Structures are given as structure tokens and as C-alpha cells.
There are 2 protein chains.
Amino acid sequence: MDSALGTRPGAGRVTIGDVARVAGVSIPTVSKVINQRDGVAPATMLRVQQVVEDLGYETSLVARSLRSSRTGVVGILVPEFEPFSTELLRGISRAATGTGYELLAYAGLMTGADRPGWERRSLSRLSGTLIDGAIVVTPTTALSSSSIPVVAIDPHTGPEGHATVDADNEAGAVQAVEHLLALGHTRIAHLQGRADLASAQLRAAGYRSALTAAGIPVDECLLRDGGYQEDQSAAVARELLTLDDRPTAVFAANDSSAIGVLRAAAEVGLRVPEDLSVVGFDDVPQASTTTPPLTTVSQPLAELGSHAVQMLLTMLRGEPTTDHVRLPTTLRVRASTGPAQRPAPGR
Amino acid sequence: MDSALGTRPGAGRVTIGDVARVAGVSIPTVSKVINQRDGVAPATMLRVQQVVEDLGYETSLVARSLRSSRTGVVGILVPEFEPFSTELLRGISRAATGTGYELLAYAGLMTGADRPGWERRSLSRLSGTLIDGAIVVTPTTALSSSSIPVVAIDPHTGPEGHATVDADNEAGAVQAVEHLLALGHTRIAHLQGRADLASAQLRAAGYRSALTAAGIPVDECLLRDGGYQEDQSAAVARELLTLDDRPTAVFAANDSSAIGVLRAAAEVGLRVPEDLSVVGFDDVPQASTTTPPLTTVSQPLAELGSHAVQMLLTMLRGEPTTDHVRLPTTLRVRASTGPAQRPAPGR
DNA sequence: CTGTTAGCGCCTTCAA
DNA sequence: TTGAAGGCGCTAACAG
């Protein structure tokens with residue numbers, strides 16, 4: 001009754017063996033037909049194709065990739081699917097359409113302890129060889145010698161070794177802080193991003209240099225770690241906003257953090273932008289759905305993605321590529337920032 | 001020089017064989033250690049683990065899945081990565097975190113002729129068995145007998161046979177049209193979606209019934225096919241808007257189509273919402289970034305995704321599930337709709 | 001406790 | 001033109 005073994009075709013997956021049996025030929029012959037290799041009699045070929053059709057046979061990506069090295073699929077490795085990586089995905093998808101490659105986005109969904117190093121793990125698991133090349137999003141480590149071409153987006157430590165694509169994080173941060181300064185803010189806090197990412201360090205550096213350039217000393221109390229995450233940022237922001245000498249503006253390292261700040265402000269009873277100005281970074285689509293809509297530094301996310309595919313495809317073709325692409329950022333002023341009202345409360 | 005064969009460890013991917021050789025044990029022993037099977041001497045175990053560490057070995061997902069049936073990976077099959085599917089992905093990702101499963105989103109990127117049937121193809125390629133179960137987004141066909149558990153989101157023909165998750169498309173369409181009617185519009189066009197999807201048919205049905213309920217006869221000239229796509233919709237909308245007796249409002253079958261309409265309106269010189277009201281469907285994040293922000297019927301996209309994973313995980317556990325989940329929609333009024341100004345121009 | 005043998009589904013020589 | 005044999009990296013029986 002429950003003989004779901006390979007005995008009967010029709011039970012479970014159809015394999016090349018099933019096709020061969022039904023067509024009355026050997027497995028290699030079927031293989032040849034499928035892969036358009038010549039050396040098969042026209043009649044046999046037709047018959048086999050018919051059977052393939054009837055049985056609805058498809059070659060197993062798994063089995064094939066174990067044997068031959070080329071699979072025609074590009075891997076995109078992400079820690080999880082959140083707005084940042086999904087926007088990248090859109091750009092990648094658009095740019096890859098029509099190239100003959102398929103896309104395989106893989107999220108290890110690591111949490112806690114084994115989170116760092118996820119990219120090496122995933123890469124290792126897939127590269128032997130489910131995928132011909134990979135785009136790794138926000139790798140936390142150097143992912144040194146990989147057996148396949150790899151392009152990193154927003155990597156660990158800037159352009160070192162492998163091919164990378166990123167935005168001008170430092171300049172973007174400067175834009176954000178200068179905007180706040182122009183509005184009259186002087187107590188500007190910064191919620192830092194993930195310390196293991198170059199982007200976070202560069203944004204912090206931009207924050208510092210803009211402040212310094214304006215002759216404002218950096219108050220280390222106003223620097224906190226939001227880890228690029230909404231919840232963590234909300235918690236940290238709550239502390240920051242209940243300080244005696246609270247900041248009148250916050251530059252968050254990314255939009256998720258900024259959304260966390262917005263939440264914290266509401267909880268603490270601060271109005272945005274009247275009492276508090278908030279600037280984010282990334283310009284993910286949901287940045288404009290917040291109340292109020294978020295002023296943020298816009299990265300061309302989809303373009304970053306499409307540049308990455310193009311680089312990867314070039315590498316896959318064996319042609320030389322530029323190692324590094326850096327795209328500009330632009331400040332997008334929406335409604336979460338306004339003029340500083342009073343010097344500082346409770347003083 | 002170029003002996004990238006399996007001879008030297010260190011060249012290319014590290015395999016279980018490399019580990020065995022270096023550790024001085026047999027391959028199955030390494031396998032046992034890796035899979036936490038007992039029957040290995042503590043000393044050997046430690047030594048092997050050390051070597052695994054040193055060499056940075058990771059089991060190949062491909063090879064493992066060829067052999068054993070369970071992989072701990074859930075597949076998400078999408079035609080391409082666009083806002084709709086990436087929002088779903090976010091919900092899926094969030095719901096799958098911490099369950100021990102990893103996510104593998106696969107986009108075949110089919111265009112033109114072989115587009116219909118892509119889901120059967122992809123499913124077949126992956127299910128033998130790279131993935132333990134699959135979530136298929138907007139399948140165009142019945143994907144009947146699959147060897148693994150499958151949940152469909154926004155399927156071909158409603159809840160039939162396999163497990164499905166969708167939103168109440170017909171009620172949503174009624175909400176949209178009633179909103180337009182309440183604003184005084186009577187000439188309301190509808191840009192239909194992909195005919196091969198139940199959602200599109202239901203939205204058209206809702207459009208018709210709302211109109212009929214209001215005592216307004218359906219003018220078939222005002223029904224056009226936008227195919228859920230921006231470009232196609234823009235082209236079709238251009239015709240519609242240059243009609244002598246043009247509509248004063250358009251209900252587009254999804255947000256992409258609505259964005260196409262917005263584009264067409266601008267080209268034709270019509271102001272939104274003064275001269276033309278536009279309503280979309282889905283409420284993808286970018287719906288609020290358009291000018292003007294789009295009034296649309298909101299589907300709980302992320303929730304649809306998370307429901308789908310939960311159903312799938314239940315099936316994977318071998319427990320019984322409800323076959324079908326239908327979530328409610330809500331009208332989100334933004335700025336692309338306004339009162340009908342004049343009966344109709346040029347009359 | 002360890003190693004040998006087999007085979008997952010496919011593709012690639014190499015003989016027949 | 002076709003088929004038999006071998007092997008990709010791994011795991012599941014068994015045998016030693």
C-alpha cells in the first residue's frame with residue numbers, strides 16, 4: 001500500500017531512470033536528449049522527448065549540480081529577508097532577467113551565537129556547486145578564498161580583496177548631520193549600526209566629522225549602539241530621550257533604527273518633528289510610510305543590486321572587472337525633521 | 001600547477017574526504033561526528049571536530065539532500081522578485097526565524113513563452129529534495145501531485161485541492177469601488193489583472209457587483225487588461241484616458257497597474273486626483289511613495305506570508321491543517337482619490 | 001567503536 | 001547510435 005519506493009513510476013519524483021524505462025532506452029541516452037547532445041537517432045530523440053513531456057520530467061537541480069560544475073544559477077546570500085535585502089533583491093532580479101541565469105536567494109536565519117560567520121557557512125554549503133557565483137549581502141567577515149566568483153554588497157571592511165559594491169556611507173552621513181545642523185540643532189545623537197560592518201563605521205565617522213567641522217565637540221554620551229535593528233534601537237533611544245540633557249535630534253544609522261527611535265519618541269511623549277528631529281539612512285520603501293514620513297539618506301538600493309549582478313556576470317564570463325563600485329547617496333527630506341525649537345529642555 | 005583536483009586539500013571546496021584524510025579516519029566516521037550520531041569514541045570525535053574547524057568544512061547542501069530526505073530548508077518559489085513577492089518574503093522570514101528551518105527563495109525569471117508552468121518546473125527541479133516543503137507564490141496552474149508539502153499564496157483558482165492562503169479579493173474590490181462611488185464617480189474604469197489568477201477574476205467580480213449594486217450598468221469599454229504590470233497598464237490607460245467619454249476614476253487591479261495609470265495620467269496631462277481618481281490594490285510599500293500617494297486596498301502581505309509558513313510547518317510536522325486561510329483587506333485612503341468634479345468632459 | 005559496501009540522480013568517458 | 005561503468009559528496013546500513 002505504501003510502497004512509495006522507486007518501483008513504480010508516478011510515485012514521487014520522476015527521475016531520468018523512469019523516463020529511460022518508459023522510453024525503452026538507457027539512461028545516458030535520455031541524458032543526451034535532454035542536454036541537446038548529438039549522437040542520438042532522430043527517431044529515438046523524438047520518442048524520448050515525448051516521454052519526457054508525458055511524465056513531466058525535469059532534471060533535478062541537485063543531482064545535476066553534484067556532477068557538472070555549471071548550474072546557471074546565481075546565489076544571493078542574505079542573513080534574513082528584511083527591507084534592505086529585499087530591495088537589493090528587486091534590483092538584482094530586474095538586472096538578471098533575460099540573462100539566462102536563475103536566482104536563488106538563501107537566508108540562513110541565524111540568530112545569536114552562530115550569527116557571525118553565517119556567510120562563510122552558507123557559501124560553503126551552496127558552492128559545491130548549487131550556484132555558479134554569489135552575491136553576499138552584508139558579510140561580517142572577509143570570506144577569503146571561495147571556489148566561486150563572489151561579489152559583496154556593503155561588506156565587512158570596505159573594498160579589500162574581493163569585488164564589492166556599496167554606497168558612499170561617509171558622505172551620506174555628513175549630508176544627514178549637516179541637514180540637522182542647518183536646522184539649528186546642536187545636540188545631535190547618533191544610533192550606531194552593526195560594528196562589524198564598514199558601513200556603520202563610516203556613517204559614524206561622517207557623523208563625527210560633520211560635527212567637528214561645525215565646531216561642535218562630539219559628546220560621547222550621545223553615541224549609542226542600535227545594531228541596525230528596530231527593537232534594539234527603540235530600547236536604546238528610550239534611554240537617550242529621557243536624559244536630563246536630551247538630544248533634540250537623532251541621526252540613526254539606518255531606517256530600521258530610525259523607526260525604532262520614532263516608536264520610542266511616541267512612548268516617551270515627544271512629538272516628531274516639533275520636539276525631536278529624526279534622520280535615517282537607506283531609504284527603504286517603508287521609510288515613507290512612517291508617521292511622520294522619515295527624512296533619510298537615500299541609497300540607490302536597487303541599483304546597488306543591479307551593479308552587483310553585472311559585476312558577477314562579468315566575472316562569470318571570465319572577463320576582468322573593476323573591483324569596486326561606489327554609488328552616491330542623496331538626502332531625502334520628508335517630515336521627521338524640523339527646526340530646533342529651544343536650546344535644550346530642563347536647563 | 002593547475003591540479004585543482006581533489007588531490008590537495010585547500011584547493012577548491014573542502015569535502016568530507018579531506019577532513020577524513022587529515023583526521024586519519026574514514027569518511028563515515030566524519031559523517032557520524034557531523035551529524036551528532038553516537039558510536040564514536042570521544043577522542044576521535046574531538047579530533048575530527050578540530051579538523052572540521054581548522055579546515056572550515058561545511059556539509060554540502062547538495063550532496064546531503066541527494067542522499068537523505070530531510071534538509072531543513074523551506075523553498076519559496078516566485079516568478080520574480082518584485083514588491084509583492086518580496087513583502088511576502090519578509091513575513092515568511094520573520095515567521096520562520098527560530099524554527100530551525102532555513103529559507104531558499106527561487107526565481108526562475110521566466111519570460112514569454114515558457115512563463116506559464118514555471119512553478120511546476122521549479123518545483124520539480126528543487127523537490128528532489130533540496131527542500132522539505134515549498135511555498136509557491138501566484139502559481140498559474142494546479143500543481144497537482146507534488147512529492148512534498150506545498151502551500152500556495154494567491155493561487156490559480158481559489159482553494160482547490162492543496163493548501164492556500166489569500167486575501168478576500170472580492171470584498172476588497174467592492175471596498176475600492178464603493179469608495180469611488182461615494183466620491184460621486186460614475187464612470188469608473190477597471191484595469192484587470194492576470195487572467196490566470198483567481199485574485200484578478202475576483203477583483204473584477206467585485207468591481208462588477210459594486211457597480212451593479214449601485215444601479216450603474218457596467219460599461220465593457222471601461223474594462224481593460226493591465227496584466228498586473230506597470231508598463232502594460234500605462235499603455236492601456238493612455239487609450240482609456242484619451243477616450244471621448246473618458247472615465248473620471250480608475251480602479252487598477254494592483255498597485256503596479258495603478259502606478260502605470262499615474263504615469264499615463266501625467267503624460268496625458270490629467271491631474272490626480274483633481275481630474276482623475278486612481279485606486280490600487282495590494283498596498284506594497286512603494287504605494288505611499290508615489291505622487292500623489294496612492295489610495296489602495298491593503299492586503300496584509302507579511303501576514304499572508306507568515307500564515308503560509310505556519311501552515312507549511314504544520315504539514316511538515318505531519319499534523320493536520322486547515323486547507324485554506326483567507327485574510328481581510330482594508331481600504332487605505334491616501335491622496336490619489338478625490339470627488340468627481342464634473343459629470344464628464346466634452347459632453 | 002570503526003570501516004566497508006552501497007546507492008541517491010545525474011553526467012561523462014569509453015566500448016560495443 | 002547506443003549502453004555499461006564509474007564517480008560527484010554524502011549518509012545508512014551492516015560487517016569487522
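Residue numbering restarts at 1 for every chain, and letters A, B, ... go by the order of the sequence lines. Keep in mind the model is a prediction, meaning the values are calculated, not measured.
Between G24(A) and S31(B), the residue whose closest nucleotide on DNA chain D is further toward the 5' end is G24(A). Sequence order on DNA chain C of the closest nucleotides to M45(B) and R67(B) puts M45(B) first from the 5' end. Summary of the strand contacts: L66(B) and T29(B) both lie near DNA chain C, and taking for each the nucleotide with the nearest heavy atom, the more 5' one is attributed to T29(B).
In this structure, the CZ atom of R70(B) is 17 Å from the C1' atom of dA12(D), given to the nearest Å. Rounded to an integer number of Å, the gap from L126(A) CG to dC8(D) P is 21 Å. For the pair L130(B) CG and dC10(D) P, the computed distance is 14 Å after rounding to whole Å. Rounding to whole angstrom units, CG of residue D18(B) and P of dC10(D) are separated by 9 Å. The nearest whole Å value for the distance from the CZ atom in R47(B) to the P atom in dC1(C) is 14 Å. Look at NZ on K32(B): it is 11 Å from P on dA12(D), rounded to the nearest Å. One interatomic measurement links the two molecules: CG of L61(B) to C1' of dT11(D), which rounds to 14 Å at whole-angstrom precision. Rounded to whole angstrom, the span from the CG atom of D38(A) across to the C1' atom of dT12(C) amounts to 14 Å.
Ion pair E102(B)/R121(A) flagged as a salt bridge, since at least one NZ, NE, NH1 or NH2 atom sits closer than 4.0 Å to an Asp/Glu carboxylate oxygen.
The side chain of A41(A) lies closest to dT1(D), out of dT1(D), dC10(D), dG3(C). Of the candidates dT2(C), dT11(D), dG3(D), dT11(D) carries the atom nearest the S68(B) side chain, counting heavy atoms from C-beta on. Checking dC10(C), dT2(D), dC10(D) against the side-chain heavy atoms of I16(A) singles out dC10(C) as nearest.
Between S26(B) and dT2(C) there is no side-chain N or O to OP1 or OP2 distance below 4.0 Å. The shortest distance between the side-chain N/O atoms of R37(B) and the OP1/OP2 oxygens of dA12(D) is below 4.0 Å. Phosphate contact (OP1/OP2 of dC10(C), side-chain N/O of R64(A), threshold under 4.0 Å): absent. One finds no side-chain N or O of S60(A) lying less than 4.0 angstrom from the OP1 or OP2 phosphate oxygen of dC10(C).
Contacts of T15(A) with the nucleic acid, taken as non-hydrogen atoms under 4.0 Å apart, involve only primed sugar atoms and P, OP1 or OP2. Looking at heavy-atom distances under 4.0 Å, T44(A) makes contact with sugar-phosphate atoms alone, never a base. Among the protein residues, V62(B) comes within range of no part of the nucleic acid, since none of its heavy atoms lies under 4.0 Å from any strand. At a threshold of 4.0 angstrom between heavy atoms, the contacts of I27(A) with the nucleic acid are absent.
Contact annotation: the side chain of Y101(B) never approaches that of V309(B) to less than 4.5 Å [non-hydrogen atoms, C-beta and beyond].
Not a single salt bridge (Lys or Arg N to Asp or Glu O under 4.0 Å) links E82(B) to another residue, sequence neighbours left out.
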*Worked verdict on E80(B) versus T97(A) for side-chain hydrogen bond (donor to acceptor under 3.5 Å, both in side chains)*: CA-CA 9 Å; E80(B) 63 180 315; T97(A) 300; 5.0 Å; no

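For the residue pair Y228(B)/T138(B), the side-chain donor-acceptor check at 3.5 Å is not satisfied. D132(B) and T71(B) are linked by a side-chain donor-acceptor pair at a separation below 3.5 angstrom, with hydrogens and angles left out of the test.
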